Peer 1: 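Here it is, the structure, as structure tokens.
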Amino acid sequence: MEVILGSSAAPSFTVCYSRRNPTAYSSEPSYLLGKKNRCLQVLLLNHFPVKKGGSWYLKSKERSTAICFSSQSPDRSNIYKNFPRSFWWLDKRFVLHCSFFGLKTECIPRLRKISISLRKEVKHAERLNNFIPSFSLHLITGVMLFMTLGATVTKTPSWALTEENLLFLEAWRAVDRAYVDKTFNGQSWFRYRENALRTEPMNTREETYAAIRKMVSTLDDPFTRFLEPKKFKSLRSGTRSTLTGVGLSIGYPKKDSSDSGLVVVSAAPGGPAYKAGVLSGDFILAIDDASTESMEIYDAAERLQGPEGSKVELAVRHGSETRHLLLIREKVLLNPVKSRVCRPAGLGEDGPLVGYIKLTSFSQNASGAVRKAIETLRGNNVNSFILDLRDNSGGLFPEGVEIAKIWLNKGVIVYICDSKGVRDIYETDGSNAAAPSEPLVVLVNKGTASASEILAGALKDNKRAVLVGEPTYGKGKIQSVFELSDGSGLAITVARYETPSHIDIDKVGIIPDRPLPVSFPKDEDSFCGCLQDPASACYFNKVELFSR
């Protein structure tokens, strides 16, 4: 057997150890070869033996770079029998890792250190005019190489990835690539992956889902959520034109709030919850006797939806009052736009009119519906507009950007930011504008959230509109939805945004230019009456409404 560190084409000499005479060494060991003798052939690059005064020395032409050990035996078939057993194992290990018996320095990173250490031992022996007994040298070499190989082998995974592991890794990669905070809430995201694969049970799909939910929860982000296949499908349906349920948009209470449960962001006009008097800012404490204190928002949304005509019971708190409501689910039409022509008081029959547009959500083609409403109102002698975003909880981000372009002839709409600052800018040059110059008022309240806030912020900071109402919800983050291979998905916070004036509205909201009377109605029919009848409790003069 040979253990080669470097090249074997080097000068060599052999020292043999005799059990009868431990001090007997020779460069020509033929007289020592026997069953009770052991020999060690030593090869050092650029070294050769020199005999002086009956003692053998190693003379070096230059610094050595390799050492070679090999056994000598008169009976080659007994070579392993006459060699330390630790090297038998090493021999097989070298065959496994580096092919045959040749071992190059690339095979083990620490090999150079071993060579240097052994070279020092040989030089020490030269100074003592003696060599280390072959057995000791073999043993030292074996132990050192064993430790190195052991450290190398332990870095190799001893397990194979299962289908459940792969699904977990798919979710991990989606978060790794898309999540806005690259510190991942101050943790090593790679280390979490390795620890989870080793310690989290993933033998069934439910266990894998639990592991993914646990992983996502470490981000401490209420808007980044794992969605099982049914919930993922439900989320997607929320951006479409119809939904069967009670017509509620819900969210989490703010972190600094002592309130528990889920907060009502908005109630769809005409929906079951709206008809029952549920208002923005109310708290849902229970759904069908299931407490919402620790309920995920998507779980709550799934409970609120159901077959048309079925019943659901809600415990709703408004202020200090708690009501128990029995609602019948209906098919809620999510027509995002409703419009009316309002005739302000004192302007006569032929005077200019006000166009009122109620935008309830940023669902598919909301921008197209707004554009169509503007064209229709213009045909009815409208020269100013009121855009009502109250209780609009948002929706599709691209629709918010497109609607902003309708009202602006130029300017920045929104800055998209990550942990390092601005990474993208959405702006317009006016090419898609439909109403860039007419007077515009935007109505907002605490139910105005997400994409609605992007639109309101763009119109306010570009001085295109006057904002009237109360501070908005304050959701300054943007989520993207990622579908996984089994039909489940992830809603991941991919960015935060700033208004054109570089204001981060997260948890703060957009502050309006002036308030709106509390009694001001939210439905489009009653709204026009507040502009037309000076005797009504909600009367608002047009000039006052549109002035800054």
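Predicted, not measured: the structure shown is a model, and the values here were computed from it.
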Peer 1: Around atom NZ of Lys311, are there more than 12 heavy atoms from other residues, nucleotides or ligands closer than 6.0 Å?
Peer 2: no
Peer 1: Specify whether Trp172 and Phe190 have parallel, tilted or perpendicular ring planes, treating 30° as the upper limit for parallel and 60° as the lower limit for perpendicular.
Peer 2: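 Ring orientation of Trp172 relative to Phe190: perpendicular.
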Peer 1: Is there a donor-acceptor contact under 3.5 Å from the side chain of Thr292 to the main chain of Leu285?
Peer 2: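 Side chain of Thr292 to backbone of Leu285: a pair is present.
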Peer 1: Supply the atom-to-atom distance Ser450 OG to Ile505 CD1, rounded to the nearest 0.5 angstrom.
Peer 2: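 Answer for the OG-CD1 pair, Ser450 versus Ile505, is 8.5 Å.
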Peer 1: Indicate the ring-plane relationship of Phe397 and Tyr426, choosing parallel, tilted or perpendicular according to the 30° and 60° boundaries.
Peer 2: perpendicular
Peer 1: If we ignore hydrogens and angles and just use 3.5 Å, is the side chain of Asp282 paired with the main-chain N or O of Val264 as donor and acceptor?
Peer 2: no
Peer 1: Is the shortest distance from a Lys or Arg side-chain nitrogen in Arg378 or Glu375 to a carboxylate oxygen in the other one below 4.0 Å?
Peer 2: no
Peer 1: For Ser310 and Arg329, which I'm curious about, is there any donor-acceptor pair between the side chains at under 3.5 Å?
Peer 2: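 A pair is found: one side chain offers a donor N or O, the other an acceptor, under 3.5 Å apart.
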Peer 1: So, Thr218 and Gln187: side-chain donor and acceptor under 3.5 Å apart, yes or no?
Peer 2: yes
Peer 1: Between the main-chain N or O of Gln532 and the side-chain N or O of Lys542, is there a donor-acceptor pair closer than 3.5 Å?
Peer 2: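 The answer is no, because no donor-acceptor pair under 3.5 Å joins these two groups.
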Peer 1: Measure across Pro512 and Pro471 and return the closest heavy-atom pair with its distance rounded to 0.1 Å.
Peer 2: CD-N, 3.7 Å
Peer 1: Verify whether one side chain among Thr360 and Asn392 offers a donor that lies under 3.5 Å from an acceptor in the other.
Peer 2: no
Peer 1: Going by atom types alone, do Asp533 and Tyr539 pair a side-chain donor with an acceptor below 3.5 Å?
Peer 2: no
Peer 1: Looking at Ala366 and Ser361, what are the two nearest heavy atoms and their distance?
Peer 2: CB-O, 3.8 Å
Peer 1: First locate atom CG of Leu325, then atom CD1 of Ile284, and finally report the distance between them rounded to the nearest 0.5 Å.
Peer 2: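 Output value for this atom pair is 9.5 Å.
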Peer 1: Between Phe232 and Gly487, what is the shortest heavy-atom contact and its length?
Peer 2: CD2-O, 3.6 Å
Peer 1: Could you list the residues that satisfy salt bridge (charged side-chain N to carboxylate O under 4.0 Å, His left out) with Arg496, not counting sequence neighbours?
Peer 2: Glu498, Asp504
Peer 1: Have a look at Asp513 and tell me which of Val468, Val442, Leu467 forms a side chain to side chain contact (heavy atoms under 4.5 Å, CB included) with it.
Peer 2: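 When Val468, Val442, Leu467 are each tested with Asp513, the side chain to side chain contact (heavy atoms under 4.5 Å, CB included) holds only for Leu467.
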Peer 1: Going from CZ on Arg343 to SG on Cys528, what distance comes out if it is rounded to the nearest 0.5 angstrom?
Peer 2: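 It is 11.0 Å, given to the nearest 0.5 Å.
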Peer 1: Within a 6.0 Å radius of atom CD on Glu163, are there more than 12 heavy atoms belonging to other residues, nucleotides or ligands?
Peer 2: no
Peer 1: Under the disulfide (SG to SG under 2.5 Å) test, which residues partner Cys417, sequence neighbours left out?
Peer 2: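 Per chain and number, Cys417 pairs via disulfide (SG to SG under 2.5 Å) with no residue.
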Peer 1: Here's a test for you: under side chain to side chain contact (heavy atoms under 4.5 Å, CB included), which of Leu387, Ile374, Asn432 qualifies with Ile406?
Peer 2: Ile374
Peer 1: Return the CD1 to CZ distance between Ile425 and Arg423, rounded to the nearest 0.5 Å.
Peer 2: 12.5 Å
Peer 1: Could you tell me if Arg340 sits above the aromatic ring of Tyr356, with its cationic atom closer than 6.0 Å to the ring centre and no more than 45 degrees from the axis?
Peer 2: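 No cation-pi geometry.
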Peer 1: Examine distances only and state if a side-chain atom of Lys446 and a backbone atom of Gly509 form a donor-acceptor pair shorter than 3.5 Å.
Peer 2: no
Peer 1: What's the spacing between Asp299 CG and Ser294 OG if we round to 0.5 Å?
Peer 2: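 Reported to 0.5 Å precision, the distance equals 9.5 Å.
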Peer 1: Do you know which of Glu164, Glu200, Arg213 makes side chain to side chain donor-acceptor pair (under 3.5 Å) with Thr208?
Peer 2: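 So the option named by the test is Glu164.
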Peer 1: Is the gap between the ring centers of Phe520 and Phe527 under 6.0 Å?
Peer 2: yes
Peer 1: Kindly assign one of parallel, tilted or perpendicular to the pair Phe385 and Trp407, based on the angle between their ring planes and the thresholds 30° and 60°.
Peer 2: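 Taking Trp407 first and then Phe385, their aromatic rings stand perpendicular (interplane angle over 60°).
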Peer 1: Is there a donor-acceptor contact under 3.5 Å from the side chain of Asp288 to the main chain of Ala290?
Peer 2: no
Peer 1: Can you find a side-chain donor-acceptor pair between Ser384 and Glu438 that sits under 3.5 Å?
Peer 2: no
Peer 1: How many angstroms lie between atom CZ of Arg464 and atom CG of Leu408, to the nearest 0.5 angstrom?
Peer 2: 7.0 Å
Peer 1: Between Asp388 and Lys358, does any NZ, NE, NH1 or NH2 come within less than 4.0 Å of an OD or OE carboxylate oxygen?
Peer 2: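 Asp388 and Lys358: salt-bridged.
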Peer 1: Could you tell me if Thr448 and Glu453 have a donor-acceptor pair between their side chains, going purely by distance under 3.5 Å?
Peer 2: no
Peer 1: Less than 4.0 angstrom from a charged side-chain N to a carboxylate O is my criterion; do Arg205 and Glu228 meet it?
Peer 2: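 Salt bridge absent between Arg205 and Glu228.
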Peer 1: So that I know where these two stand, are Tyr497 and Tyr415 an aromatic pair - ring centroids less than 6.0 Å apart?
Peer 2: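 Judged by ring-centre distance (under 6.0 Å), Tyr497 and Tyr415 do not meet the cut-off.
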